[in-house]
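First the structure, in the form of structure tokens, and then the observations on it.
Count residues from 1 along the sequence.
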Amino acid sequence: QVQLVESGGGLVQAGGSLRLSCAASGRMFSSSVVGWFRQAPGKEREFVGAVTSSGDTTYYADSVKGRFTISRDNAKNTVYLEMNSLKPEDTAEYYCATKRGWSNLVNIHMYDYWGQGTQVTVSS
């Protein structure tokens with residue numbers, strides 16, 4: 001079993017940056033793919049990006065490509081989401097989640113464990 005806790009959210013002006021953290025417990029974490037998702041009020045949860053268990057490969061949604069970067073430190077059981085050039089449309093609750101295997105990354109139903117989320121608000 002894996003437990004995930006997100007942190008680092010907050011209020012930032014457009015054009016600013018934030019770094020989210022996803023801290024994990026459980027021995028399966030280091031062998032799991034980690035995805036980041038977000039959900040804005042009234043909208044469905046959407047895929048943001050994912051990183052392989054080793055951290056050597058990442059994949060991003062087109063909406064954040066070039067602005068967001070995912071990295072991980074397995075020694076610290078933590079995955080990071082660095083967000084730059086933030087836009088008001090990035091405002092959402094951000095979640096991390098784990099899954100097995102590098103496939104069907106954008107499908108929320110393929111993820112086994114989820115954190116509770118952290119709120120990111122970008123003001124214009």
Side-chain angles (χ1 to χ4, degrees):
Q1 190 167 351
V2 176
Q3 294 182 325
L4 305 171
V5 178
E6 301 94 336
S7 62
L11 174 64
V12 63
Q13 288 189 332
S17 299
L18 279 176
R19 188 177 79 158
L20 306 184
S21 298
C22 171
S25 62
R27 59 187 178 88
M28 299 295 291
F29 180 75
S30 61
S31 61
S32 298
V33 169
V34 176
W36 283 95
F37 290 79
R38 65 186 182 185
Q39 187 166 20
K43 295 188 176 182
E44 293 186 352
R45 193 168 298 191
E46 66 173 2
F47 175 78
V48 173
V51 62
T52 54
S53 57
S54 64
D56 62 352
T57 302
T58 52
Y59 177 74
Y60 300 96
D62 287 344
S63 58
V64 306
K65 199 174 297 182
R67 300 188 298 122
F68 290 12
T69 303
I70 299 173
S71 61
R72 70 189 294 166
D73 184 343
N74 284 338
K76 295 183 177 180
N77 268 13
T78 302
V79 172
Y80 305 98
L81 177 64
E82 184 78 35
M83 305 185 295
N84 298 312
S85 302
L86 282 162
K87 306 174 182 180
E89 51 263 43
D90 294 318
T91 296
E93 188 84 6
Y94 282 72
Y95 301 87
C96 62
T98 63
K99 70 182 301 292
R100 307 293 288 173
W102 190 247
S103 62
N104 295 315
L105 297 175
V106 304
N107 186 341
I108 64 171
H109 302 293
M110 299 303 293
Y111 288 78
D112 303 310
Y113 300 101
W114 291 81
Q116 84 292 343
T118 185
Q119 177 67 37
V120 171
T121 302
V122 184
S123 63
S124 56

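When atom types are taken as modelled, the side chain of R72 and the backbone of T52 share a donor-acceptor pair closer than 3.5 angstrom. For N74 (side chain) and S53 (main-chain N/O), a donor-acceptor pair under 3.5 Å exists by modelled atom type. Side-chain atoms of R100 do not come within 3.5 Å of backbone N or O of M110 as any donor-acceptor pair. Using modelled atom types, no side-chain atom of E82 and backbone atom of R19 make a donor-acceptor pair closer than 3.5 Å.
For Q119, the CD atom is densely surrounded, since the number of other residues' heavy atoms within 6.0 Å is greater than 12. For Y59, the OH atom is loosely surrounded, since the number of other residues' heavy atoms within 6.0 Å does not exceed 12.
Side chains of R38 and T91: a donor-acceptor N/O pair is absent below 3.5 angstrom, by distance only.
A salt bridge links K65 to D62: one of the charged nitrogens lies within less than 4.0 Å of a carboxylate oxygen.
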- Query: Stepwise, does the side chain to side chain contact (heavy atoms under 4.5 Å, CB included) test hold for K99 with L105?
  - Reply: CA-CA 9 Å; K99 70 182 301 292; L105 297 175; 4.1 Å; yes
- What do the steps show when you test Y94 against M83 for side chain to side chain contact (heavy atoms under 4.5 Å, CB included), and what is the final call? CA-CA 11 Å; Y94 282 72; M83 305 185 295; 3.8 Å; yes
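No option in V33, L4, V79 other than L4 meets the side-chain contact (heavy atoms from CB on, under 4.5 Å) test with T98.
A cation-pi geometry, defined here as NZ or CZ lying under 6.0 Å from the six-membered ring centre and within 45° of its normal, does not hold between R67 and Y60.
Under a hydrophobic-cluster definition in which Ile, Leu, Val, Met, Phe, Trp and Tyr are linked whenever side-chain heavy atoms come within less than 4.5 Å, directly or via other members, I70 and Y111 are assigned to different clusters.
Contact of the D73 side chain with the Y80 side chain is registered, since non-hydrogen atoms from C-beta on lie closer than 4.5 Å. The side-chain heavy atoms of L20 and E6, taken from C-beta on, include no pair separated by under 4.5 Å.
Between W114 and F37, the ring planes are tilted. Angles from 30° to 60° get that label.
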